[in-house]
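Okay, so here's the structure we're looking at.
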Amino acid sequence: MIQDDYFLKFEDRTPPPPLDYNPWREALWQFLAVLALVIGAWYIIWRWNGSLNPDAMWFAVPLAIAETCAFIGMILFVFNLWKDDPIKIEEPPALLKDVVESHPEGDRHLSVDVMFATYDEDPELVRLGILDAKKMTYPHPIDVRIHVLDDGRRPEMKAVTESEGANYISRTTNEGFKAGNLRNAMEQTHGDFLVICDADTRPFPTMLEHTLGYFRDPKMAWVQTPQWFYDLPEGERLPQKLERRFGERGQKFGKGIERVFGPVRVGEDPFVNDPKMFYDVIQRRRNRANASFCCGAGSIHRREAVMMAALRSFGSKVEQRTWDVEEVVTVSSKERELAPDLMEAIKTEAAATEALTPYKFHVSEDIYTSIVLHSDRESGWKSKMHPIVESKMLSPQDLLTWTVQRFKYAGGSLDILVNDNPIFRKGLTFGQRMMYATTFYSYLAPLWNIIFLLAPAIYLFTGISPVAAYSAEFFFHLIPFLVTLELAIMVGTWGIAGYAPKASYLAFFPLGLKAIYTIARGEKVTFKVTPKVRQSGNFLGLVWPQIGVLVLTGLGAVYAIGALISGATDHSISGVVANIMWGVNNCLAMAGMIAAAMWQPTKTEKES
């Protein structure tokens with residue numbers, strides 16, 4: 001019996017289809033994107049040259065810098081989303097020679113290792129994944145072996161694994177965490193391909209049939225499939241919720257709201273976990289630059305590619321370590337060259353010290369390993385973002401779990417940016433560098449988002465403006481930029497609701513700043529397993545910065561309106577209106593995160 005089996009009531013849910021490719025919509029997106037960039041550049045140039053308030057440069061310059069940084073992020077975003085490709089599923093290969101050139105065993109059938117990495121998750125949860133993996137179908141004979149990689153070394157996990165006919169793999173240490181767990185399993189398995197699953201991953205029967213065809217290209221290193229959370233809360237229709245709280249009058253009010261805005265659900269996906277924007281838009285459009293990166297669960301890897309990249313990385317590290325030791329010895333001994341026997345001993349010691357790591361030992365081992373493979377220009381490895389959902393997973397069901405997961409993503413990415421920056425890494429193409437730059441740059445956004453969040457309150461309380469005047473000229477430059485930007489993003493991400501991800505991105509600022517501060521101090525981001533069961537209670541203590549922004553903006557609005565009424569103020573009507581509207585947008589974003597902190601499952605969900 002699973003400790004919290006709330007998700008079993010959602011077993012019949014099916015994933016949404018991938019977004020259709022439409023060349024006409026893509027052409028419109030590209031036109032609007034270029035228009036938004038041109039108008040945006042015009043606006044930014046004007047901001048620096050004709051709008052800064054000379055009497056408040058301490059306020060004007062930071063805001064202009066923040067706008068410039070956001071505009072750079074927009075350029076990277078447009079580059080990322082520029083072009084998509086029609087959906088095409090390749091024919092599944094039958095024999096090894098279909099996916100590997102000139103192999104001596106080319107006429108044998110393919111073999112696949114399905115690996116479930118687990119640490120402390122419920123064994124019965126892993127059992128569900130094993131049962132689904134056993135249902136995978138393939139149009140040709142294929143050898144599929146299922147392995148459970150248990151870093152918790154639990155007898156009950158071993159019992160569940162063996163009762164389902166799967167292979168149990170464990171080890172005596174937890175070196176390298178998940179990456180080390182995968183390395184240990186690779187040493188004990190021999191499949192041509194590896195399917196990476198988390199403890200809660202539930203593969204669909206079509207996973208292999210729909211993805212192995214990409215490996216007909218002998219340079220295809222891995223294929224990532226979209227992660228789909230089938231347990232996202234559906235929420236409750238507004239009229240029903242208001243009826244429970246306020247009776248018939250509440251229901252009528254809710255229906256009135258829905259007549260204007262359409263169906264409204266309260267509590268639907270409170271943590272904005274739906275990853276469709278990331279997988280169906282951002283990742284998919286990175287295929288054109290061969291820059292779609294691995295996201296761990298739901299990915300299929302060519303064993304040869306992973307091992308070859310590991311060997312190349314191992315060789316370069318051994319060589320670097322040898323050079324470093326040689327330099328120290330030659331300087332201390334004042335000899336130009338070392339004896340051959342000594343050099344051989346140094347190389348042997350370097351090889352013994354360095355670890356062979358197929359998956360990088362890192363809190364973000366998936367994207368780090370992707371960078372290593374993409375930068376292996378000599379091998380020419382490719383990646384592919386498959387558009388169709390081929391598995392289902394569980395989403396974070398409380399803000400604490402969400403925070404653990406997102407901090408790991410942010411901290412791990414920033415650690416790579418600082419210590420092994422892919423933008424300057426040898427071997428990557430220009431397109432790949434820009435795509436990785438887009439990812440890492442997005443985690444720096446809290447640095448300027450905090451300025452956007454505080455700027456309205458500063459004006460509302462002080463009447464000090466960051467612009468020379470909230471004049472017609474100001475709005476003449478600002479409004480066309482905002483309108484064309486919104487139109488471009490709407491068309492570029494057509495089919496996916498856009499406000500919730502943007503609001504979540506803005507409200508992410510405290511966690512993002514914490515990650516930036518952690519890396520700036522040189523601290524290591526530790527690996528924490530994301531909990532797979534819902535944590536109880538509310539988590540308002542995690543969102544006090546968001547509450548602070550909301551309260552500060554609200555009080556500022558009240559103060560500014562009072563100051564206007566009294567007449568003794570430097571505020572202008574246009575300035576107060578503009579900043580209140582700006583502040584309302586900020587508060588709506590903060591309110592979503594605050595609501596997520598207080599979210600609790602409905603009564604029916606608790607009973608299921």
Side-chain angles (χ1 to χ4, degrees), residues 111-121 126 129-130 133 144-154 157-158 161 166-199 201 221-224 293-321 350-376 379 381 383 408 412 415-416 419-420 524-530:
S111 60
V112 178
D113 290 317
V114 182
M115 297 181 171
F116 290 89
T118 178
Y119 174 62
D120 61 359
E121 298 85 357
V126 180
I130 297 173
V144 178
R145 301 170 189 172
I146 302 171
H147 313 273
V148 173
L149 287 46
D150 182 23
D151 253 6
R153 298 172 284 279
R154 296 163 291 167
M157 187 71 256
K158 183 176 183 181
T161 303
N167 180 36
Y168 180 81
I169 299 177
S170 188
R171 55 185 181 147
T172 56
T173 70
N174 296 103
E175 179 192 15
F177 303 104
K178 183 179 177 181
N181 199 3
L182 291 170
R183 180 187 73 172
N184 177 65
M186 287 187 68
E187 293 172 351
Q188 303 178 51
T189 56
H190 308 284
D192 303 311
F193 300 99
L194 316 172
V195 178
I196 307 301
C197 301
D198 284 343
T201 305
W222 78 88
V223 174
Q224 178 67 52
F293 60 80
C294 173
C295 301
S299 57
I300 302 92
H301 301 239
R302 185 189 294 268
R303 179 184 290 267
E304 175 195 0
V306 177
M307 290 306 301
M308 185 175 292
L311 288 170
R312 286 188 179 277
S313 178
F314 174 79
S316 64
K317 287 184 176 181
V318 168
E319 188 175 32
Q320 183 62 52
R321 189 182 289 271
T353 304
E354 197 61 49
L356 179 64
T357 53
Y359 292 93
K360 296 292 290 184
F361 285 6
H362 194 268
V363 68
S364 297
E365 85 287 336
D366 39 22
I367 188 172
Y368 207 159
T369 301
S370 301
I371 294 169
V372 171
L373 283 163
H374 277 146
S375 61
D376 186 358
S379 299
W381 294 119
S383 64
K408 183 171 70 174
D415 182 74
I416 297 172
N419 296 304
D420 198 354
K524 186 176 181 180
V525 178
T526 56
F527 186 95
K528 291 184 179 180
V529 178
T530 305

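Values below: all heavy atoms of this structure, side chains included; hydrogens, waters and symmetry mates excluded. Keep in mind that this is a model prediction, so the values were computed, not measured.
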Any side-chain heavy atom of [X] within less than 4.5 Å of one from [Y]?
X	Y	result
Ile146	Met115	no
His147	Gln188	no
Tyr119	Asn174	yes
Val306	Met186	yes

Least distance between heavy atoms, [X] atom then [Y] atom:
X	Y	value
Ala297	Thr201	CB-OG1, 3.7 Å
Ser375	Val372	OG-O, 3.0 Å
Gly129	Phe116	O-CZ, 3.3 Å
Trp381	Ala305	CZ2-CA, 3.5 Å

Q) Where do Val144 and Val114 land on the side-chain contact (heavy atoms from CB on, under 4.5 Å) test, with the steps shown first? A) CA-CA 7 Å; Val144 178; Val114 182; 3.8 Å; yes

Between [atom1] on residue [X] and [atom2] on residue [Y], distance to nearest 0.5 Å:
X	Y	atom1	atom2	value
Phe293	Trp222	CZ	CH2	10.0 Å
Arg303	Asp113	CZ	CG	5.5 Å
Asp376	Ile371	CG	CD1	14.0 Å
Asp150	Thr161	CG	OG1	7.0 Å
Ile169	Asp151	CD1	CG	11.0 Å
Leu373	Cys294	CG	SG	9.0 Å

**Q.** Worked check of side-chain contact (heavy atoms from CB on, under 4.5 Å) between Arg171 and Leu149
**A.** CA-CA 9 Å; Arg171 55 185 181 147; Leu149 287 46; over 6 Å; no

Regarding [X] and [Y], do their side chains bring together a donor and an acceptor under 3.5 Å, going by distance alone?
X	Y	answer
Asp192	Ser111	yes
Asp420	Tyr368	yes
Arg154	Thr118	yes
Ser383	His374	yes

Q) Is Ser299 reaching over with its side chain to a backbone N or O of Ile196, donor-acceptor style, under 3.5 angstrom? A) no

Q: Could you please spell out the steps behind the salt bridge (charged side-chain N to carboxylate O under 4.0 Å, His left out) verdict for Lys178 and Asp198?
A: CA-CA 10 Å; Lys178 183 179 177 181; Asp198 284 343; 2.8 Å; yes

Q) Among all residues two or more places apart in sequence or in another chain, which pass the salt bridge (Lys or Arg N to Asp or Glu O under 4.0 Å) test with Arg153? A) none

Q. Is there a side-chain contact (heavy atoms from CB on, under 4.5 Å) between Ile130 and Val148 once you walk through the steps?
A. CA-CA 9 Å; Ile130 297 173; Val148 173; 3.6 Å; yes

Q.
Assess the residue pair Lys524 and Asp415 against the criterion (salt bridge (charged side-chain N to carboxylate O under 4.0 Å, His left out)); give the C-alpha distance rounded to whole Å, side-chain angles, the decisive distance to 0.1 Å, and a yes or no.
A. CA-CA 8 Å; Lys524 186 176 181 180; Asp415 182 74; over 6 Å; no

Q.
Determine whether Met157 and Val126 satisfy the following criterion, side-chain contact (heavy atoms from CB on, under 4.5 Å), listing intermediate values before the conclusion.
A. CA-CA 8 Å; Met157 187 71 256; Val126 180; 3.7 Å; yes

